[in-house]
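These notes concern the structure reproduced below.
Note that the structure is a prediction, hence the values are computed from the model and not measured.
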Amino acid sequence: MSAQTDTLPPAFPAPPLNDNDADRLRIVPVRRTGQWAAAGAVLALSALALNSVIRNDAFQWDVVGDYFMTTAVLRGLWLTLWLTALVMVLGFALGTLLAVLRLSANRVLQAVGWGYVWLFRSTPILVQLLFWFNIGALYPEILGVRTVNLLGPVTVAVIGLTLHEAAYAAEVVRGGILSVERGQLEAAQSLGLGPWRRLRRIVLPQAMRSIVPPAGNMLIGTLKGTSIVSIIAVQDLLYSVQLVYHRTYQVIPLLLVATLWYVVVTSLLGIGQHYVERHYARGTADAR
């Protein structure tokens, strides 16, 4: 065996490639002709659409510029912003409580949390607002207080939107809590931390990574969803421009004013959401 091995010819290194061989072996990238053609077609169609919007006199861009920063529009924008902020804070406060109820070991508390979420997710927000707006017809008196005209349009909007958003916030928070590893809870429990401290110091900080993205989407959705309160005469951004075009009959440019403001605010909220997500994703592969 060894004799055969000794008779094998020695291994020689491969000869170096010359310039002609290197040219033949050069790696050529894949030609993506179809993708470039599709991209060019999309850019051409986008340019045509943008040109038609800019040059179409029916949009009346001069009227849009005249009303974009008027006092009535800015007042409606301010009401939309603080209504959105208040509803999100109250909705997530109530939603967190409902999420804790749903995760409770007590069957009664679980049923209460589940029933609330089921009811308010099953009925349209417009129906809920109209019910609250007509609460006097359902209950003329509550604890000796007449309810007719007791709740103003803004109060009805806050109550209706908060109760509606709380049902969705409860599921967002519950999903975030369930994303925390069970071992974290067991470790906190072994350290003698009570349920409230475990939730506040251990669970929620880790759950925020899963809570923030859907919560940001809820915030943007709530901002746009506040436009529905115009049905009960709350002077938000949409209702403010409606008051103007009912008087001037310039429907399209006034609707564009509201649209542009919604685009501006939602874009800013999207940028803020990105940085908040990156903050809570520190130390993970998603932090970028």
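Looking at every heavy atom in both residues, Val263 comes nearest to Ser267 through O-OG, 2.6 Å. Between Ser179 and Ser210, the shortest heavy-atom contact is OG-OG, 3.2 Å. Smallest separation of non-hydrogen atoms from Pro213 and Glu277: CA-OE2, 3.5 Å. Nearest approach of Gly160 to Leu129, heavy atoms of both residues: CA-CD2, 3.9 Å. In terms of heavy atoms, Leu101 sits closest to Val112 at CD1-CG1, 4.4 Å. In plain terms, the two heavy atoms of Ala258 and Leu237 that are nearest each other are O-CD2, 3.8 Å.
For the atom pair CD1 (Ile135) and OG1 (Thr155), the distance works out to 13.0 Å, reported to the nearest 0.5 Å. Residue Phe131 holds its CZ atom at 8.5 Å from OG1 of Thr123, rounded to the nearest 0.5 Å. The CG atom of Leu238 lies 9.0 Å from the OG1 atom of Thr259; values are rounded to the nearest 0.5 Å. Distance check: Leu83 CG to Thr222 OG1 gives 9.5 Å after rounding to the nearest 0.5 Å. Here the straight-line distance linking atom CD1 of Ile211 with atom CD1 of Ile177 works out to 6.5 Å at 0.5 Å rounding. Interatomic distance, CG of Leu81 versus CG of Leu86, reported as 12.5 Å (0.5 Å rounding).
Residues Leu94 and Leu163 have side chains in contact (heavy-atom distance under 4.5 Å, counting atoms from C-beta outward). Residues Ile220 and Gln273 meet the side-chain proximity criterion, which asks for heavy atoms closer than 4.5 Å. Using a 4.5 Å heavy-atom cutoff, the side chains of Leu77 and Val265 are in contact. Proximity of Val73 to Phe68: side-chain heavy atoms (C-beta onward) are nowhere separated by under 4.5 Å. Side-chain contact between Arg75 and Ser240 is absent, with no heavy-atom pair separated by less than 4.5 Å. By the 4.5 Å heavy-atom criterion applied to side chains, Thr248 and Tyr67 are counted as neighbours. Considering only heavy atoms from C-beta on, Phe92 comes within 4.5 Å of Met88 through its side chain. Contact of the Leu243 side chain with the Gln235 side chain is registered, since non-hydrogen atoms from C-beta on lie closer than 4.5 Å.
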| task | Check the pair Arg174, Leu103 against side chain to side chain contact (heavy atoms under 4.5 Å, CB included), reporting the backbone distance first and the verdict last. | result | CA-CA 8 Å; Arg174 186 173 71 92; Leu103 295 173; 3.8 Å; yes
| task | Show the numbers, then the answer: is there a side chain to side chain contact (heavy atoms under 4.5 Å, CB included) between Trp61 and Leu256? | result | CA-CA 9 Å; Trp61 291 108; Leu256 280 175; 4.1 Å; yes
| task | For side chain to side chain contact (heavy atoms under 4.5 Å, CB included), just list the numbers for Leu74 and Trp261, CA-CA rounded to whole Å, side-chain angles, deciding distance to a tenth of an Å, and then say yes or no. | result | CA-CA 10 Å; Leu74 294 180; Trp261 272 120; 3.8 Å; yes
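Salt-bridge formation is detected for the pair Glu171/Arg102: a Lys NZ or Arg NE/NH1/NH2 atom is positioned less than 4.0 Å from an Asp or Glu carboxylate oxygen.
The cluster map of Ile, Leu, Val, Met, Phe, Trp and Tyr, joined by side-chain heavy atoms under 4.5 Å apart, puts Phe133 and Val87 in the same cluster. Under a hydrophobic clustering in which Ile, Leu, Val, Met, Phe, Trp and Tyr are joined whenever their side-chain heavy atoms come within less than 4.5 Å, directly or via other members, Val234 and Leu90 fall into the same cluster. Hydrophobic cluster membership differs between Tyr239 and Val251, with clusters built from Ile, Leu, Val, Met, Phe, Trp and Tyr side chains linked at under 4.5 angstrom. Residues Trp82 and Ile228 share a hydrophobic cluster, clusters being chains of Ile/Leu/Val/Met/Phe/Trp/Tyr side chains in contact below 4.5 Å. Residues Leu130 and Val127 share a hydrophobic cluster, clusters being chains of Ile/Leu/Val/Met/Phe/Trp/Tyr side chains in contact below 4.5 Å.
Ring centers of Phe120 and Tyr116: under 6.0 Å apart, within the cut-off.
No more than 12 heavy atoms of other residues, nucleotides or ligands shown are found within 6.0 angstrom of CD1 on Ile231. For Asp62, the CG atom sits in a packed shell: over 12 heavy atoms of surrounding residues, nucleotides or ligands are nearer than 6.0 Å.
Not one N or O on the side chain of Thr162 forms a donor-acceptor pair closer than 3.5 Å with the backbone of Ile159. At least one donor-acceptor pair under 3.5 Å links the side chain of Ser46 to the backbone N or O of Val42.
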